[in-house]
Asker: 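Provided herewith is a single structure, encoded as structure tokens, for subsequent inquiry.
Because only heavy atoms are used, hydrogens play no part in the values below, and waters and symmetry mates are left out as well, while side chains stay in.
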Amino acid sequence: MATINDVIKAYYLHRSQGMMNELNNLHKKHFGKNKITQLMAKDIFEGTHQERLKYEPKINYAKTFITTCQRLMTSSLLANNYANFEDLYNDVENMLFNGNNKIKGIGKLTVYDIALRIGYVRKDQILPKEKIYLYAGAFQGANNLFQCNPFLFNVTSIKPGCYDMTIFNAPLNQMPSMFLEDMFCVYHSLLKSYPSAGYNIFQNVKMSYKPCK
């Protein structure tokens, strides 16, 4: 049986590097620029989570990709001053949703992913700290863990949304927000069977992409 500390250990040792490799590659290619280029827009959009959009038959992936990149290239998301990640996230959301002109296939998870990547390559790096964004797989993982062990949480229920990190008790609240969000997403299915699933199962979990819901 895996304890929550085993789950966290397995994540850091075997899964966290995937996300950091993606972010560090972005940083290496694009750090320090004041405007989003066509190549940067492509790299910002085409991350791990967005791979799932290619499996969604209800959207035109090519159109979604082109429209999103066009809006990124005409934005000032690299040049604007932001007090925190939440302000950056809100600007990305407003740009992509744009009232009634929302890009088909773009949801809250994509907004978070794009904001995280932009925040990582900015000169004044901006990352989520006090809040965590629980959407799609990240919410499923958090909710599955909540159903198994509500004592790890400081709330009586959760639903998709943005939360203060104070909704978690130790040891979850000791993880940086972006790693905790990623852990919930990577392990979202396995957390249904926590704590009966063993450490080796969390260690060897594979990523798979399914149609969006």
Side-chain angles (χ1 to χ4, degrees), residues 11 15-16 18-27 30 36 40-56 59 61 64-65 67-69 71-72 75 77-78 80 82-98 102-122 124-146 158-168 172-173 175-188 191 207 209-213:
Y11 169 74
R15 299 303 316 204
S16 63
M19 179 181 69
M20 291 311 302
N21 285 343
E22 183 178 315
L23 291 175
N24 286 335
N25 285 337
L26 274 172
H27 188 274
H30 304 298
I36 297 177
M40 189 192 304
K42 176 180 181 296
D43 289 343
I44 287 172
F45 179 73
E46 289 188 326
T48 302
H49 282 151
Q50 276 59 256
E51 282 289 319
R52 77 198 196 287
L53 295 178
K54 297 176 182 178
Y55 296 82
E56 177 52 71
I59 70 166
Y61 177 79
T64 297
F65 169 76
T67 306
T68 302
C69 288
R71 292 194 188 179
L72 284 168
S75 75
L77 294 167
L78 289 181
N80 289 347
Y82 295 108
N84 49 45
F85 182 82
E86 289 67 51
D87 289 346
L88 171 60
Y89 176 94
N90 289 336
D91 264 11
V92 173
E93 183 177 51
N94 290 335
M95 176 197 68
L96 296 177
F97 285 14
N98 193 18
K102 181 180 179 293
I103 302 172
K104 191 170 184 179
I106 297 294
K108 297 278 191 176
L109 176 61
T110 305
V111 174
Y112 171 78
D113 286 340
I114 288 176
L116 179 63
R117 293 171 194 143
I118 290 174
Y120 203 82
V121 302
R122 282 176 56 101
D124 56 335
Q125 195 173 74
I126 301 174
L127 300 176
K129 294 179 180 178
E130 287 80 20
K131 296 185 182 294
I132 186 169
Y133 295 77
L134 299 179
Y135 298 109
F139 166 71
Q140 293 173 31
N143 192 47
N144 287 339
L145 182 60
F146 177 83
I158 58 171
K159 57 185 179 180
C162 176
Y163 293 90
D164 291 335
M165 285 291 290
T166 54
I167 71 165
F168 304 108
L172 297 180
N173 62 7
M175 292 182 68
S177 170
M178 70 177 191
F179 285 117
L180 183 56
E181 189 274 346
D182 188 54
M183 187 184 81
F184 284 146
C185 186
V186 169
Y187 292 150
H188 72 275
L191 288 171
M207 292 290 287
Y209 298 105
K210 300 178 180 178
C212 307
K213 296 182 178 179

Asker: Can you confirm if the aromatic rings of Phe65 and Phe45 lie within a centre distance of less than 6.0 Å?
Answerer: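 They qualify: ring centres under 6.0 Å apart.
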Asker: If you round to the nearest 0.5 Å, how far is CE of Met165 from CD of Glu130?
Answerer: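 Rounded to the nearest 0.5 Å, the CD-CE separation comes to 9.5 Å.
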Asker: Please round to the nearest 0.5 Å and tell me the distance separating atom CE of Met178 and atom CG of Asp182.
Answerer: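 Spacing of CE (Met178) from CG (Asp182) equals 9.0 Å.
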Asker: Looking at the rings of Tyr133 and Phe85, which for Trp means the six-membered one, are their centres under 6.0 Å apart?
Answerer: yes
Asker: Of all the heavy-atom pairs spanning Pro128 and Leu116, show the shortest one and how long it is.
Answerer: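 Nearest pair, atom of Pro128 first, then Leu116: CD-CD1, 3.7 Å.
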Asker: Going by atom types alone, do Tyr82 and Asn80 pair a side-chain donor with an acceptor below 3.5 Å?
Answerer: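 Yes, because at least one side-chain N or O of Tyr82 sits under 3.5 Å from a partner of the opposite role on Asn80.
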Asker: Has Glu181 got a side-chain atom pairing as donor or acceptor with Ile132's backbone, closer than 3.5 angstrom?
Answerer: no
Asker: Sort out for me which residue in Ile118, Leu78, Leu72 forms a side-chain contact (heavy atoms from CB on, under 4.5 Å) with Met40.
Answerer: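 When Ile118, Leu78, Leu72 are each tested with Met40, the side-chain contact (heavy atoms from CB on, under 4.5 Å) holds only for Leu78.
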Asker: So, taking the atom named NZ in Lys102 and the one named CD in Glu93, what distance separates them when rounded to the nearest 0.5 Å?
Answerer: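 Answer rounded to 0.5 Å: 10.0 Å.
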Asker: Counting distance only, does the side-chain N/O of Asn94 pair as donor-acceptor with the main-chain N or O of Asn90 below 3.5 Å?
Answerer: yes
Asker: Would you sort out whether Leu127 and Gln125 count as a side chain to side chain contact (heavy atoms under 4.5 Å, CB included), showing the intermediate values?
Answerer: CA-CA 7 Å; Leu127 300 176; Gln125 195 173 74; 3.8 Å; yes
Asker: Short question: side chain of Asn84, backbone of Asp87 - any donor-acceptor pair under 3.5 Å?
Answerer: yes
Asker: With a 4.5 Å cut-off on side-chain heavy atoms, are Leu180 and Phe168 touching?
Answerer: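 With C-beta onward as the side chain, the pair touches.
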Asker: Is the number of heavy atoms from other residues, nucleotides or ligands under 6.0 Å of Lys104 NZ greater than 12?
Answerer: no
Asker: Within the 4.5 Å heavy-atom criterion, are Arg117 and Tyr112 side-chain neighbours or not?
Answerer: no
Asker: Check Leu109 against Tyr135 and note the closest heavy-atom contact, atom names and distance.
Answerer: N-CB, 4.2 Å
Asker: State, yes or no, whether a side-chain contact exists between Leu134 and Asn143 at a heavy-atom distance under 4.5 Å.
Answerer: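 Counting from C-beta outward, Leu134 and Asn143 never come under 4.5 Å.
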Asker: Where is the tightest heavy-atom contact between Leu53 and Gly105, given as atom of each residue plus distance?
Answerer: CD2-O, 3.4 Å
Asker: Hey, are the side chains of His30 and Asp43 touching, using non-hydrogen atoms and a 4.5 Å cut-off?
Answerer: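 Yes; the side chains approach each other to less than 4.5 Å.
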Asker: Looking only at heavy atoms, which two atoms of Arg15 and Tyr187 are closest? And how far apart?
Answerer: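 The answer is CG-OH, 3.5 Å.
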Asker: Applying side chain to side chain donor-acceptor pair (under 3.5 Å), can you list everything that pairs with Thr110, at least two apart in sequence or on another chain?
Answerer: Gln50
Asker: State, yes or no, whether a side-chain contact exists between Phe139 and Lys108 at a heavy-atom distance under 4.5 Å.
Answerer: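 No, every pair of side-chain atoms sits at 4.5 Å or beyond.
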Asker: Could you grab the distance from atom CD1 of Ile126 to atom CG of Leu88, nearest 0.5 Å is fine?
Answerer: 5.5 Å
Asker: State, to 0.1 Å, how close Met183 and Leu172 come at their nearest heavy-atom pair, and which atoms those are.
Answerer: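 Heavy atoms only, the tightest pair is CE-CD2, 4.2 Å.
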Asker: Please check this pair: side chain of His188 against backbone of Cys185, looking for a donor-acceptor N/O pair closer than 3.5 Å.
Answerer: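 Side chain of His188 to backbone of Cys185: a pair is present.
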Asker: Please answer whether the main-chain N or O of Gln140 pairs with a side-chain N or O of Asn144 as donor and acceptor at a distance below 3.5 Å.
Answerer: yes
Asker: Tell me the closest heavy-atom pair linking Arg122 and Leu77, and the distance in Å.
Answerer: NH1-O, 2.7 Å
Asker: Rounded to the nearest 0.5 Å, what's the gap from CD1 on Ile167 to NZ on Lys131? Could you check?
Answerer: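 Here the interatomic distance stands at 10.5 Å.
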Asker: Would you say the side chain of Ser75 lies within less than 4.5 Å of the side chain of Ile36, judging by non-hydrogen atoms?
Answerer: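 A side-chain contact exists here, since the closest heavy-atom pair is under 4.5 Å.
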Asker: Do Val111 and Phe97 come close enough that some side-chain heavy atom pair is under 4.5 Å?
Answerer: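 Of all side-chain heavy-atom pairs linking Phe97 with Val111, at least one is under 4.5 Å.
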Asker: In Å, rounded to the nearest 0.5 Å, how long is the span from CD1 of Ile106 to CG of Asn98?
Answerer: 12.5 Å
